[in-house]
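Values in this document were obtained by computation on a predicted structure and should not be read as measured data. Just the heavy atoms: all of them, side chains too, but no hydrogens, waters or symmetry mates, feed the values below. Proteins come first, then strands; the chains are lettered A, B, ... in the order of their sequence lines, and each starts at number 1.
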Amino acid sequence: GQSLEQPSEVTAVEGAIVQINCTYQTSGFYGLSWYQQHDGGAPTFLSYNALDGLEETGRFSSFLSRSDSYGYLLLQELQMKDSASYFCAVMNSGYSTLTFGKGTMLLVSP
Amino acid sequence: NAGVTQTPKFQVLKTGQSMTLQCAQDMNHNSMYWYRQDPGMGLRLIYYSASEGTTDKGEVPNGYNVSRLNKREFSLRLESAAPSQTSVYFCASSRIYEQYFGPGTRLTVT
């Protein structure tokens, strides 16, 4: 089976940098994804790491270490609109399905 | 392009009633998914369809059935609704590792 651990809540102020960690235990791993979900909305794709290292997309970066079964999402220059839930998800063998963590609620204050 | 659409947006059922949640995508994706989201539980996979004509169980399939009507449409049926099926239901489709989600159906079973 699959299991993922991420913090339930993180708080930060506008303009700051925040890191959301995710550790996983899985059989059959293709990669680690991150999704953002605003309250009442649908999840939207942020990033995908199949190989070790850092992927950067604008203010957001995602990191993966396959040997440590660990990844993180880094959000820079935080804005109020970044207040949302962030989910890590493991891509299972064959790109068939995702297993999601329980999510981290990020609260950005002025 | 509308992306992934779901109907209805809201539904209230009495215990024992049946209903079908509809989902359609216009992105020509092969894979489609049904998830449920409960507070503090993240997204849990109910059923998925890797291609037209195939369906497979996910993590929480009990009490549900699905039909992949054609490449565009994937429906979820509750034959005899129970209060434990009160949840937000999301449909998604995917191209390789990125999943695209519909707006969700908020279902309450009383």
Side-chain angles (χ1 to χ4, degrees), chain A residues 1-9 20 22-51 55 57 60 62 64 71 73 84-106, chain B residues 2-7 9-10 21 23-25 27 29-52 54-61 66 68 74 87-108:
Chain A
Q2 326 280 31
S3 69
L4 296 93
E5 294 288 334
Q6 54 181 126
S8 60
E9 188 174 305
I20 300 173
C22 174
T23 57
Y24 59 88
Q25 290 183 319
T26 181
S27 54
F29 175 87
Y30 266 51
L32 188 70
S33 298
W34 289 91
Y35 285 76
Q36 178 191 60
Q37 185 180 30
H38 286 99
D39 194 30
T44 57
F45 172 83
L46 290 177
S47 68
Y48 175 71
N49 294 65
L51 302 174
E55 296 278 345
T57 308
F60 294 2
S62 57
L64 175 66
L73 180 69
S85 291
Y86 293 84
F87 295 88
C88 59
V90 166
M91 173 66 71
N92 301 306
S93 298
Y95 299 104
S96 59
T97 62
L98 287 174
T99 300
F100 283 83
K102 294 183 178 181
T104 299
M105 184 177 294
L106 171 63
Chain B
V4 179
T5 57
Q6 293 183 236
T7 56
K9 286 188 168 52
F10 301 93
L21 281 64
C23 174
Q25 53 95 7
M27 295 173 282
H29 290 163
N30 286 322
S31 299
M32 297 186 72
Y33 311 83
W34 276 104
Y35 295 91
R36 61 177 290 172
Q37 185 174 34
D38 303 296
M41 295 296 293
L43 290 142
R44 292 184 292 169
L45 183 65
I46 305 172
Y47 270 93
Y48 69 101
S49 171
S51 62
E52 187 178 351
T54 68
T55 60
D56 285 285
K57 294 179 180 179
E59 181 186 352
V60 288
V66 291
R68 183 74 183 266
F74 189 37
S87 189
V88 180
Y89 291 85
F90 287 101
C91 176
S93 67
S94 74
R95 180 188 59 167
I96 313 177
Y97 53 79
E98 183 174 347
Q99 292 195 7
Y100 299 79
F101 286 81
T105 294
R106 283 147 183 81
L107 175 67
T108 301

Option from Tyr33(B), Tyr100(B), Tyr48(B) for which side chain to side chain donor-acceptor pair (under 3.5 Å) with Ser94(B) holds: Tyr33(B)
With only heavy atoms counted, which part of [X] is less than 4.5 Å from chain A, the side chain, the backbone, both or neither?
| X | value |
| --- | --- |
| Arg44(B) | neither |
| Tyr35(B) | side chain |
| Gln37(B) | side chain |
| Leu43(B) | both |

With ring centroids as reference points, do Tyr30(A) and Tyr97(B) lie under 6.0 angstrom apart? no
Name the member of Leu98(A), Thr99(A), Thr44(A) that forms the most heavy-atom pairs with chain B at distances under 4.5 Å. Leu98(A)
Criterion side-chain contact (heavy atoms from CB on, under 4.5 Å) on Val90(A) and Phe29(A), from CA distance to verdict: CA-CA 7 Å; Val90(A) 166; Phe29(A) 175 87; 3.6 Å; yes
Would you please say whether a donor-acceptor pair under 3.5 Å links the side chains of Ser51(B) and Asn30(B)? no
Can you tell me if Gln99(B) uses its side chain to pair, donor with acceptor, with the backbone of Pro43(A) under 3.5 Å? no
